[in-house]
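Please read the structure below before turning to the comments.
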Amino acid sequence: MMYVCLEGIDGSGKSTQLKMLWKWLEEYGFEVISVFEPTDSPVGRLIREMLKDSTASGPDSQRTLGLLFAADRMMLMEKILEAESKNQIIISDRSFYSSIAYQDDEKWILEINKHIKKPDLVILLDVETQSALSRCDGKDHFENQAFLEKVRKNYLKLAQKNNFLVVNANNGVKKVHEDIKTIISPRIGRCI
Ligand code: TYD
């Protein structure tokens, strides 16, 4: 029915907002499934291990990660297509847009993800890197200010080009949830 994705840098509050959105949509009477990337598949687990390594943001690791993220995502497609066929709403924590923002090689990422289904709607939780970092545990190598600054810029460029809905995630959890509901309501209303 509809594939909605939340995007944003580490510490932008995606997981919290995803849970709140899920609850609200269910109360609204929709059948909802949620997915997340990296997934909990063996490939997803390998990715999480690699992200802890200090070389993770280097060019070679970024290419390897780009391929692994694409493979992990490919395995998720069946679940997404099945949910669509059942008229469910899919809400996703990240998508291939994360690969464009983090692995930072748009042309190649689009190429290796060309068989991946694009989300119908992307909500970008935009947040200052400093406050985002204060919410991170610092275990992943991507969780550092300079790197996340670059990722945030990439997201804002992607948002313009691809009509993401941008939400100011510097606000408190409740306000961000209200803003997400406001922008999503007319869009799901059309699908009923
Ligand atoms: P994250 O959403 O932070 O997972 P968790 O909340 O379980 O830690 O994702 C893990 C990291 O993976 C995060 O730093 C973003 C990064 N990532 C990429 O670099 N490329 C991708 O394609 C995806 C999906 C995630």
Side-chain angles (χ1 to χ4, degrees), residues 3-22 34-77 79-80 90-119 122-159 162 164 167 169 173 176:
Y3 174 18
V4 182
C5 172
L6 295 187
E7 287 284 355
I9 60 173
D10 296 64
S12 55
K14 287 178 290 84
S15 323
T16 308
Q17 292 300 332
L18 191 116
K19 280 187 208 128
M20 292 169 89
L21 178 61
W22 185 358
S34 81
V35 294
F36 52 89
E37 296 185 24
T39 70
D40 52 9
S41 76
V43 180
R45 287 201 292 275
L46 173 60
I47 290 172
R48 282 179 202 282
E49 274 311 305
M50 286 187 66
L51 289 173
K52 290 182 197 145
D53 198 286
S54 62
T55 60
S57 56
D60 289 345
S61 298
Q62 281 286 59
R63 284 186 199 114
T64 307
L65 281 166
L67 293 166
L68 291 174
F69 278 118
D72 187 41
R73 190 171 293 129
M74 197 68 230
M75 293 192 286
L76 190 60
M77 284 303 108
K79 195 171 173 184
I80 289 179
I90 302 122
I91 48 176
S92 176
D93 189 332
R94 301 195 179 278
S95 69
F96 79 104
Y97 288 116
S98 287
S99 285
I100 300 180
Y102 280 79
Q103 277 67 56
D104 200 25
D105 183 346
E106 180 162 8
K107 202 164 158 240
W108 180 66
I109 295 295
L110 286 174
E111 179 64 25
I112 61 174
N113 284 279
K114 71 176 177 192
H115 297 299
I116 300 290
K117 193 183 154 43
K118 284 189 180 176
V122 179
I123 299 169
L124 174 62
L125 301 185
D126 183 50
V127 67
E128 301 283 343
T129 48
Q130 235 159 357
S131 59
L133 274 170
S134 69
R135 299 179 194 159
C136 293
D137 59 15
K139 278 187 198 144
D140 285 356
H141 200 66
F142 288 169
E143 293 170 3
N144 75 76
Q145 179 131 15
F147 185 80
L148 289 186
E149 256 334 312
K150 187 185 73 181
V151 176
R152 184 182 179 207
K153 280 202 190 116
N154 286 344
Y155 267 132
L156 290 171
K157 270 193 256 163
L158 276 173
N162 300 280
F164 294 175
V167 169
V173 173
V176 175

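Since the structure is predicted, the reported quantities are computational estimates derived from the model, not experimental observations. Start at 1 and go down the list; that is how both ligands and their atoms are numbered. Positions are given from 1, in the same order as the sequence printed here.
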Parallel, tilted or perpendicular: rings of Phe164 and Tyr97 (30°, 60°): perpendicular

Does one side chain, of Ser98 or Tyr155, offer a donor that lies under 3.5 Å from an acceptor on the other? yes

Apply the side chain to side chain donor-acceptor pair (under 3.5 Å) test between Ser99 and each candidate in Glu106, Arg94, Glu37, Arg73; give the one that qualifies. Arg73

With a cut-off of 4.0 Å, which atoms of ligand 1 are near a heavy atom of [X]?
X      : value
Tyr102 : 14 (O), 15 (C), 18 (C), 19 (O)
Arg73  : 21 (C), 22 (O), 24 (C)
Lys14  : 2 (O)
Pro38  : 9 (O), 10 (C)

Please work out whether any backbone atom (N, CA, C, O) or any side-chain heavy atom from C-beta onward of Arg48 is under 4.0 Å from ligand 1, and answer side chain, backbone, both or neither. side chain

Under 4.0 Å, heavy-atom basis, I'd like to know which part of Leu51 is in contact with ligand 1: side chain, backbone, both or neither. side chain

Got the closest protein heavy atom to [atom], with its distance?
atom                    : value
atom 22 (O) of ligand 1 : Ser99 OG, 2.5 Å
atom 23 (C) of ligand 1 : Phe69 CE2, 3.3 Å
atom 1 (P) of ligand 1  : Arg94 NE, 3.5 Å
atom 19 (O) of ligand 1 : Gln103 NE2, 2.9 Å
atom 3 (O) of ligand 1  : Asp10 OD2, 3.7 Å
atom 6 (O) of ligand 1  : Ser15 OG, 4.5 Å

If you count the non-hydrogen atoms of other residues, nucleotides and ligands that lie under 6.0 Å from CD in Gln130, is the total more than 12? no

Please check if the side chain of Asp140 supplies one atom and the backbone of Glu143 the other of a donor-acceptor pair under 3.5 Å. no

Test item: Ser61 side-chain N/O and Thr55 main-chain N/O as donor-acceptor pair under 3.5 Å: yes

Hey, what do you get for CD (Glu149) to CG (Asn144), rounding to the nearest 0.5 Å? 10.5 Å

Output for pair (Arg63 CZ, Ile112 CD1), nearest 0.5 Å, gives 11.0 Å

